Peer 1: 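Below is a structure I'd like to ask you about.
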Amino acid sequence: MADLQLAENRAPTVAQAGVWLACIECEETFAPFAEVIYRCGECGGLLEARYDHYPDFTEFSGRGVWRYAAALPFETGVSLPEGDTPLHEVPGLCAELDLPALRVKHEGMNPTGSFKDRGMTVGVEVAKAVGVSRLACASTGNTSAALAAYGARAGLETLVLLPTGKVAAGKLAQAALHGARVLEVEDNFDTCLDIVSDLADRDEAYLLNSLNPFRLEGQKTIGFEIVERFLDDYGTLPDRICLPVGNAGNTAALYKAFRELVESGAIEAKEMPKLTGIQTEGAAPLVEAIENGSEAITRWGSVETKATAIRIGNPVNAPKALPGIRETGGTAISVSDEAVTNAQRALAEEGIGVEPASAASLAGLRKLREQGIVSSDERVVCLTTGHLLKDPAAAASAGSDPEPVAGDTESVLEHLAE
Ligand code: F0G
């Protein structure tokens, strides 16, 4: 090896007692921080973090992701800080969809503008705990922006592999300014992830894609926030959560949040919101698996969509996400790029600025309402995962054109009167 050095002086990271990793396929268990491990050493299955105690709401205090420290592997992490995102009321959309209890949780309000920050605050802390020096990810953009920022904050080297020409300008700019080494690969995201996984297996870098189970620990706090807010506002949980799906990490993370709340006795199993995954028609392998009733997804070799954040043909977290969708009684559907743009405009009319992938959640909900699958009395949360400014080109083309005018008041008045 190995550029992935174990630092001489490990950071004073305080791990919670009673946390370990378990394989979701064969239940083999592993110590979490003694070695770097991403998949089961026995069968290659995905790993998840397990705890000897699952807290209920009384054990949470403070704000943001680390409010939920009692359910996380550390007491605190590399924080910018993140979480505590708004749960918007959307009166116009409630009226349009005849869905009075629709809310939009805008994860674009995290420090680097996407939900990935929740995963990185935990994931980069784990990197410090295991003592690695170089962090890496493959990305459609947002993960790289978050990794670059959190890596910078932790003083660690960051390496990101991106598909050439398919990453929105805002995300590229973030990775560049926060000092990541950016490699553009003449292939799609899935190939980038294959390469980064190889690098990680060769101990060349610490992998911070959502294959890393600790990323999902941070992201599960979205579920905790939704539950706490809904209990405060409505005295009950939402019936359904609609979210865009790429690698299916977030779907897996939400399912884990609800399972843990059931485990702690904070909620009942039948209360778990129906997880509803939305993809675009050009990149819908998870939808295909749900429609076919398959246990596993079939990788799509070629994918295309304007929602570049979810331009993914091989959702690596599908073995965690498919059971989440099925066991909560949810579903998965695909929407056209045009429907995504229309939903992006509709959210903008409510004052909520999102990038295209985020708008897929609303586009999917609209379709499910049209099909009668979602009824008017359902309480629904649409998750909008990334900020409008992530993809300025998409926002500009979905919005109105600027009007050139001469630089004096009379010209402006004349122009306005036209
Ligand atoms: N929405 C946005 C804005 C995203 O950036 C992503 C994933 C998703 C939804 C899908 O989430 O992968 O957990 O199903 N973006 C990753 C990235 C792949 O590299 O930024 P998922």
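First listed ligand is number 1; within each ligand, the first listed atom is number 1. Side-chain atoms are counted along with the backbone in the values below, which use heavy atoms only and exclude waters and symmetry mates. All of these numbers come straight from a predicted model, not from anything done at the bench.
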Peer 1: Look at Lys256 together with Glu217 and state whether they make a salt bridge at an N to O cut-off of under 4.0 Å.
Peer 2: yes

Peer 1: List ligand 1 atoms under 4.0 Å from Ile312, heavy atoms only on the residue side.
Peer 2: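 Heavy-atom distances to Ile312 below 4.0 Å select 18 (C).
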
Peer 1: Which protein non-hydrogen atom lies closest to atom 13 (O) of ligand 1, naming both residue and atom, and how far is it?
Peer 2: Asn250 N, 2.8 Å

Peer 1: Please check if the distance between the ring centroids of Tyr38 and Tyr206 is under 6.0 Å.
Peer 2: yes

Peer 1: Looking at atom 4 (C) of ligand 1, what's its closest protein heavy atom, distance included?
Peer 2: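 Nearest neighbour among protein heavy atoms for atom 4 (C) of ligand 1, to 0.1 Å: Ala309 CB, 3.6 Å.
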
Peer 1: Please round to the nearest 0.5 Å and tell me the distance separating atom OH of Tyr255 and atom CD1 of Ile241.
Peer 2: 13.5 Å

Peer 1: Check each atom of ligand 1 against the heavy atoms of Asn142 and keep those under 4.0 Å away; list them by number with element.
Peer 2: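 Listed by number with element: 2 (C), 3 (C), 4 (C), 5 (O), 20 (O).
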
Peer 1: Quick check against the 3.5 Å criterion: does Arg369 have a side-chain atom that pairs as donor or acceptor with the backbone of Asp98?
Peer 2: yes

Peer 1: Considering Ser361, Ala248, Ala321, Ala357 one by one, which has a heavy atom nearer to atom 14 (O) of ligand 1 than any of the others?
Peer 2: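 Heavy atom nearest to atom 14 (O) of ligand 1 belongs to Ala248.
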
Peer 1: Pull out every atom of ligand 1 sitting under 4.0 Å from any heavy atom of Gly249, numbered as shown with elements.
Peer 2: 13 (O), 14 (O), 21 (P)

Peer 1: Looking only at side-chain N and O atoms, does Glu228 offer a donor or acceptor that is under 3.5 Å from a partner on Tyr68?
Peer 2: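 Judged by distance alone, the side chains do pair up.
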
Peer 1: Side chain to side chain contact (heavy atoms under 4.5 Å, CB included) with Leu275: which of Asn250, Leu254, Val245?
Peer 2: Leu254

Peer 1: Would you call Leu261 and Phe57 a side-chain contact if the rule is heavy atoms closer than 4.5 Å?
Peer 2: yes

Peer 1: Does Tyr234 have Arg379 sitting over its ring (NZ/CZ under 6.0 Å from centre, angle to axis within 45°)?
Peer 2: yes

Peer 1: Using a strict 4.0 Å cut-off to heavy atoms of Ile310, name the atoms of ligand 1 that fall inside it.
Peer 2: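 By the 4.0 Å cutoff, the relevant atoms are 8 (C), 9 (C), 10 (C).
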
Peer 1: Record the part of Glu355 in heavy-atom contact with ligand 1 below 4.0 Å; permitted values are side chain, backbone, both and neither.
Peer 2: side chain

Peer 1: For Lys116, which part has a heavy atom under 4.0 Å from ligand 1: side chain, backbone, both, or neither?
Peer 2: side chain

Peer 1: Hey, could you give me the CG/CD distance between Leu347 and Glu355, rounded to the nearest 0.5 Å?
Peer 2: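 Reported value, rounded in 0.5 Å steps: 12.0 Å.
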
Peer 1: For ligand 1, is Ser114 a contact, meaning one of its heavy atoms is under 4.0 Å away?
Peer 2: no

Peer 1: Among all the protein's non-hydrogen atoms, which is closest to atom 10 (C) of ligand 1, and how far away is it?
Peer 2: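 The protein heavy atom lying closest is Gly246 N, 3.4 Å.
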
Peer 1: I need the atoms of ligand 1 closer than 4.0 Å to a non-hydrogen atom of Thr140, numbered in the order shown.
Peer 2: 15 (N), 16 (C), 17 (C), 18 (C), 19 (O), 20 (O)

Peer 1: What are the atoms of ligand 1, with element, lying closer than 4.0 Å to any heavy atom of Ser139?
Peer 2: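 Close to Ser139: 17 (C), 19 (O), 20 (O).
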
Peer 1: List every atom of ligand 1 that sits less than 4.0 Å from any heavy atom of Phe115, numbering the atoms from 1 in the order shown and giving each element.
Peer 2: 1 (N), 2 (C), 4 (C), 6 (C), 8 (C), 9 (C), 11 (O)

Peer 1: How far is atom 2 (C) of ligand 1 from its nearest protein heavy atom, and which residue and atom is that?
Peer 2: Thr385 OG1, 3.3 Å

Peer 1: Is it true that Arg202 and Glu204 make a salt bridge, defined as a side-chain N closer than 4.0 Å to a carboxylate O?
Peer 2: no

Peer 1: Between Glu263 and Arg50, does at least one N-O distance fall below 4.0 Å, as a salt bridge requires?
Peer 2: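 No, no charged N to carboxylate O under 4.0 Å.
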
Peer 1: In the protein, what heavy atom is nearest to atom 20 (O) of ligand 1, and what distance, to one decimal place, separates them?
Peer 2: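 Looking at atom 20 (O) of ligand 1, the protein heavy atom closest to it is Thr143 N, 2.8 Å.
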
Peer 1: Would you say ligand 1 has an N or O under 3.5 Å from any N or O of Ser358?
Peer 2: no

Peer 1: Under a 4.0 Å N-O cut-off, is there an ion pair linking Glu225 with Arg118?
Peer 2: yes

Peer 1: In ligand 1, which numbered atoms sit nearer than 4.0 Å to a non-hydrogen atom of Val245?
Peer 2: 14 (O)

Peer 1: Counting non-hydrogen protein atoms only, what is the nearest one to atom 12 (O) of ligand 1? Give residue, atom name and distance.
Peer 2: Asn247 N, 2.7 Å

